[in-house]
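Each ligand, and each atom within it, is numbered from 1 in the order the structure gives. Bear in mind the structure is a predicted one, so any value in this text is a computation, not a measurement. Below, all heavy atoms of this structure are taken into account, side chains as well, without hydrogens, waters or symmetry copies.
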Amino acid sequence: MARAPFELAGVRVAPGSRAQIDVPVAKLYTHAPLHIPVEVIHGRQSGPVLLVCGAIHGDEINGVEIVRRLLRSSAVRGLRGTLIAVPIVNVFGFVQHSRYLPDRRDLNRCFPGSESGSLGSRVAALFREQIVDLATHIIDLHTGAIHRTNLPQIRAQLTPGGETEAMAMAFGVPVILNAELREGSLRHYAQGNGVPVLTYEAGEALRFDEWAIAPGVRGVRRVMRSIGMLTSDRRRTAPPAAEVANGSSWARATIDGILRPKVRLGARVAKGELLGLVADPFGNVEGEVRANADGIVIGMSNLPLANEGEALFHVARFDAIEEAESAIETFQSDYESLPEGLNLK
Ligand SMILES: [Zn+2]
């Protein structure tokens, strides 16, 4: 018996075909309609329904390029199941180069949302009803916030032997942060419904970081292979090693001033180690920023201007720190030859 078509926002996609669908979200006050752009690839054979989405924070654009490359890759042509690719969820913020919605709300704190709530709440409800609720698996693509960059990492709530853990290991980036769920996030909503969700965090807002995009595309394809959506890849090798971090914390500016970092992204640091110096413009007063735990720098500020209390270095703690360090070294050697080279440690 032939497989049923896949229906999204009233559009039916036949098995073995793909379609671009504009899901109406609102009108701008110019009366111009605004859509969430979606591409559905509906395989001939049944399987998981994977949602891959980017720019839920409108200025986090590495994911937009990850989705574009995924859709253009030959690997997805013969997939099993269904891929729902959404390059830009927060279309309002994307147009404005902003993380937020026009009402300054963070869309990733608005789930599950409601049709009668704030703008953020309405957009969340629409995205959820029309798109998210169709998915059996989700990969949500993010970057660091503005002026902050992240070492490529997966954030997920892991239960030993669970499907989320298997997806996280399959993705193949060196660090998995076993992070608790934030109320109102897409991850919180979906995980609460038993849908395994990965958040991929890599690079900086408003940038295309090749060392974040390339492993992101490969990671999504590896997850698709691990959940049985892709079987055609001849080079089926085990994913690169990844280590789980069980906690993390930010080292913050101790005074207002100008930052000179002393470590790079990916550096292994010891508790009390100097991470950076913050000084006034004359250098009369200097404050030290030190690591508050042994760990690895998985995120940091790229802006040398800091106010007291500002988060500057994100240090993740590992039980197996040696293994984490070597996973990062392997990752570095896989991606350092890129045109814009990865420059860790
Ligand atoms: Zn984000």
Check your understanding: Do Asp103 and Arg105 meet the salt-bridge criterion of a basic N to acidic O distance under 4.0 Å?
Key -> yes
Point to revise | Closest His142 atom to the Zn ion (ligand 1) [N, O or S only] | key: ND1
Review point. Are Arg252 and Glu308 close enough for a salt bridge, meaning some N to O gap below 4.0 Å?
Key: no
Check your understanding: Does Lys262 come within less than 4.0 Å of Glu288, counting only side-chain N to carboxylate O?
Key -> no
Revision key, fill the gap. Among the N/O/S atoms of His57, the Zn ion (ligand 1) lies closest to ND1
Exercise for review: Taking both backbone and side-chain atoms into account, decide whether Glu60 has an N/O/S atom under 2.8 Å from the Zn ion (ligand 1).
Suggested key: yes
Check your understanding: With the threshold set at 4.0 Å, does a side-chain nitrogen-carboxylate oxygen contact exist between Asp59 and Arg99?
Key -> no
